[in-house]
Peer 1: 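Just passing along the structure, written as structure tokens.
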Protein chains: 2
Amino acid sequence: MKNYNVKKNTICPLRKSLRRILLYRGSLLRLQTLGVKRVYSYTLGKETGVSAEQVRKDFSVYRIKGNQRGGYHVDKLIADLESIFYHNGSQNIIIMGRGNIGSSLANYSNFIQRKINIVASFDIDPSKQRLRSEIPVYTLDRLGEVVKRFEVKTAIIAVPDIAAQEVCKQLVELGVEGIINFAPVILKVPSHIIINNVNLSDEIESVIYCVSQPGPLST
Amino acid sequence: MKNYNVKKNTICPLRKSLRRILLYRGSLLRLQTLGVKRVYSYTLGKETGVSAEQVRKDFSVYRIKGNQRGGYHVDKLIADLESIFYHNGSQNIIIMGRGNIGSSLANYSNFIQRKINIVASFDIDPSKQRLRSEIPVYTLDRLGEVVKRFEVKTAIIAVPDIAAQEVCKQLVELGVEGIINFAPVILKVPSHIIINNVNLSDEIESVIYCVSQPGPLST
DNA sequence: TTTTTATAGTTATATTTTTCACATATAATG
DNA sequence: CATTATATGTGAAAAATATAACTATAAAAA
């Protein structure tokens, strides 16, 4: 009577594989600037800390082909990989909150190379509008206008945790579908919304644990 | 002739489970300040976006017990969870690089609650020493002294990618064993070193992909 | 005190992800 | 132009992870 044909991993499939694709791309861009023309799954794996088999498997998932003796052409491979996530062209995103994290993201130069286009940031504190920054700072009353004008589908939440849920709600109501959340709260959202929680304290603590730990449950 | 008794997942086992333990703790701390005395696996799961079964399973891995009808006492549970990663007391860590990310981490108030103790930060630019910040800024010549005095075992690398490998090398030579790396480079380290790469661009791009993508390989 | 009931704890099952193994293709070589 | 060496591409096996199903237990109710 058991019937287990419900497909899981359904909201955003292949996420792990995709994360590695992003890694490969980063590595390839570096190799490209060094003038490297050709890579092998082994080379790329070593660069990114992934096994060669895993690299090939990931490519196979996305139907990316190489030459069965000569590896992969760097330029072509980058183009192939980017076609996976840039099919809609570059995306306009916004940053909610101009505190420490919000501002450091606003000034983060890496995004430009990646075609991540931060069009605006928001903060309840009007004095933040005077911040010297490439990215304009607005108060929340202009949120709807900006989201609409730039067709913003993705937003970064970098507001204090008490404010995060409310900001999130507003974003979702305006049609934002993807959120990168730096507040240490689990946001309640409709199921079609993609949330990526980034908790910097946890990132650090997980390393501290591994370092101070000889091995778990050493009973 | 096949012999597959080599245990994998060996450097830092149970990492995924541990990551969730950190999530639970965060949620519990919030519930604690709200005066909540008791939680159930179901409650905690809902708070953290994890299934109730998963919560119980994670606890079972770390031999954490509740009451078989009354759930878990919040205070006791927090203490139990923290005993997993705080058995060595609070850890002194340092931040390498006082650019955007380094500075925002240095000013990040969440660490205090978490017993993450940032004792110093470093930057090649001596003018950074004049930054107004709780965390002192030194040039690299004092690195050895600080690592030794504060018994630093974990460091955050937030320097430009070109400098990251060199900084990393120095840290490892001084006995640092755990690194949280914000530079978009894969660091070459001896195998006993724990590395956690955090790539903010990738965090954002992976969401952009999921949002703009109706479904993968829709051939 | 016994029964009921809700929830923890655990074992079994399913799913996902990674690794292995090898057939296959192709650039390089003589 | 045939041969060879070396990477790729992929189906199968294994490992890791998550989910579900079930059992035991303790609190509450009768």
Side-chain angles (χ1 to χ4, degrees), chain A residues 1-21 23-24 28 36-74 76-77 80-81 206 216-217, chain B residues 1-21 23-24 28 36-74 76-77 80-81 206 216-217:
Chain A
M1 203 52 186
K2 293 178 192 173
N3 212 332
Y4 292 116
N5 38 15
V6 183
K7 226 358 202 180
K8 300 299 166 57
N9 202 2
T10 184
I11 300 160
C12 184
L14 313 168
R15 192 135 176 183
K16 279 202 148 179
S17 173
L18 177 80
R19 296 300 290 247
R20 285 191 302 264
I21 296 279
L23 264 184
Y24 306 148
L28 286 164
V36 177
K37 291 292 171 210
R38 203 176 256 189
V39 286
Y40 306 110
S41 58
Y42 176 77
T43 329
L44 199 51
K46 214 172 174 189
E47 283 292 313
T48 52
V50 172
S51 74
E53 297 85 358
Q54 184 74 80
V55 172
R56 296 203 301 274
K57 194 81 184 198
D58 287 336
F59 288 172
S60 125
V61 166
Y62 290 99
R63 314 268 163 84
I64 285 167
K65 302 280 176 187
N67 303 24
Q68 273 191 308
R69 175 73 196 277
Y72 305 84
H73 288 283
V74 173
K76 173 142 192 323
L77 187 49
D80 284 352
L81 295 181
S206 72
L217 307 177
Chain B
M1 203 50 185
K2 295 177 191 174
N3 210 332
Y4 292 116
N5 38 15
V6 183
K7 222 1 198 183
K8 302 298 168 54
N9 202 359
T10 184
I11 298 161
C12 185
L14 312 169
R15 197 140 172 179
K16 279 202 151 180
S17 173
L18 178 79
R19 295 300 290 249
R20 285 190 302 264
I21 295 281
L23 263 185
Y24 305 148
L28 287 164
V36 177
K37 293 292 171 210
R38 206 176 254 188
V39 286
Y40 306 111
S41 59
Y42 176 77
T43 330
L44 199 51
K46 212 171 175 193
E47 282 293 312
T48 52
V50 172
S51 74
E53 297 84 359
Q54 185 74 77
V55 172
R56 297 204 298 275
K57 190 78 185 228
D58 286 337
F59 288 172
S60 126
V61 167
Y62 289 101
R63 313 267 163 85
I64 285 166
K65 302 283 177 185
N67 304 23
Q68 273 189 307
R69 175 75 194 274
Y72 305 85
H73 287 283
V74 173
K76 172 140 193 322
L77 187 50
D80 284 353
L81 296 181
S206 70
L217 308 176

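Keep in mind that this is a model prediction, so the values were computed, not measured. Letters go in sequence order (proteins before strands), and every chain restarts at 1.
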Peer 1: With a 4.0 Å heavy-atom cut-off, tell me which residues in residues 39-50 of chain A come close to DNA chain D, sorted by residue number.
Peer 2: A/Tyr40, A/Ser41
Peer 1: Is any side-chain N or O of A/Asn67 closer than 4.0 Å to OP1 or OP2 of C/dT26?
Peer 2: no
Peer 1: Would you kindly give the NZ-to-P distance between A/Lys16 and C/dT15, to the nearest whole Å?
Peer 2: 18 Å
Peer 1: Quick check for you: among C/dC22, C/dC20, C/dA8, whose closest atom lies nearest to any side-chain atom of A/Arg56?
Peer 2: C/dC22
Peer 1: Can you give me the closest heavy-atom contact between B/Leu28 and B/Val74, atom names plus distance?
Peer 2: O-CG1, 3.9 Å
Peer 1: Give me the atom names and distance for the closest heavy-atom approach of B/Ser206 to A/Leu18.
Peer 2: CA-CD2, 4.0 Å
Peer 1: In whole angstroms, how far is the C1' atom of C/dT19 from the CZ atom of A/Arg20?
Peer 2: 12 Å
Peer 1: Starting at CD1 of A/Ile64 and ending at P of D/dT10, how long is that distance when rounded to a whole Å?
Peer 2: 12 Å
Peer 1: With sequence neighbours excluded, tell me which residues meet salt bridge (Lys or Arg N to Asp or Glu O under 4.0 Å) with A/Arg56.
Peer 2: none
Peer 1: Ignoring hydrogens and geometry beyond distance, is the side chain of A/Gln68 in donor-acceptor contact with the base of C/dT26 at under 3.5 Å?
Peer 2: no
Peer 1: Please determine if a side-chain N or O atom of A/Lys65 lies less than 4.0 Å away from the OP1 or OP2 oxygen of D/dT10.
Peer 2: yes
Peer 1: Between atom CD of B/Glu53 and atom OH of B/Tyr42, what is the distance when rounded to the nearest 0.5 Å?
Peer 2: 11.0 Å
Peer 1: Can you check the B/Glu53 CD to D/dT17 P distance for me, whole Å?
Peer 2: 18 Å
Peer 1: Side-chain N or O of A/Ser51 less than 4.0 angstrom from OP1 or OP2 on C/dT19?
Peer 2: yes
Peer 1: For A/Arg69, what residues pass the side-chain contact (heavy atoms from CB on, under 4.5 Å) criterion, not counting sequence neighbours?
Peer 2: none
Peer 1: Quick one: closest heavy-atom pair of B/Val55 and B/Gly45, and the distance?
Peer 2: CG2-CA, 3.8 Å
Peer 1: Contact class for A/Gly71 (heavy atom, under 4.0 Å): base, sugar-phosphate, or nothing?
Peer 2: sugar-phosphate
Peer 1: Nearest 0.5 angstrom please: B/Lys76 NZ to B/Ile64 CD1, how far?
Peer 2: 8.0 Å
Peer 1: Applying a 4.0 Å non-hydrogen cut-off, can you work out what B/Phe59 is touching in the nucleic acid: base, sugar-phosphate, or nothing?
Peer 2: nothing
Peer 1: Rounded to whole Å, please give me the gap between CD in B/Gln54 and P in C/dA8.
Peer 2: 15 Å
Peer 1: Distance check: side-chain N/O of B/Lys57 vs OP1/OP2 of C/dT11, anything under 4.0 Å?
Peer 2: no
Peer 1: Would you mind reading off the distance between A/Leu77 atom CG and D/dT8 atom P, rounded to a whole angstrom?
Peer 2: 10 Å
Peer 1: Would you kindly give the CG-to-P distance between B/Asp58 and C/dT10, to the nearest whole Å?
Peer 2: 14 Å
Peer 1: N/O contacts under 3.5 Å, protein versus nucleotides 28-30 of chain C?
Peer 2:
none

Peer 1: If you look at every heavy atom in B/Ser41 and B/Tyr72, which pair is closest and at what distance?
Peer 2: N-CE1, 4.0 Å
Peer 1: Does A/Tyr24 have any side-chain hydrogen bond (donor to acceptor under 3.5 Å, both in side chains) partners at least two apart in sequence or in another chain, and if so, which?
Peer 2: A/Asp58
Peer 1: Could you tell me which residues satisfy salt bridge (Lys or Arg N to Asp or Glu O under 4.0 Å) with A/Lys46, sequence neighbours excluded, listed by chain and number?
Peer 2: none
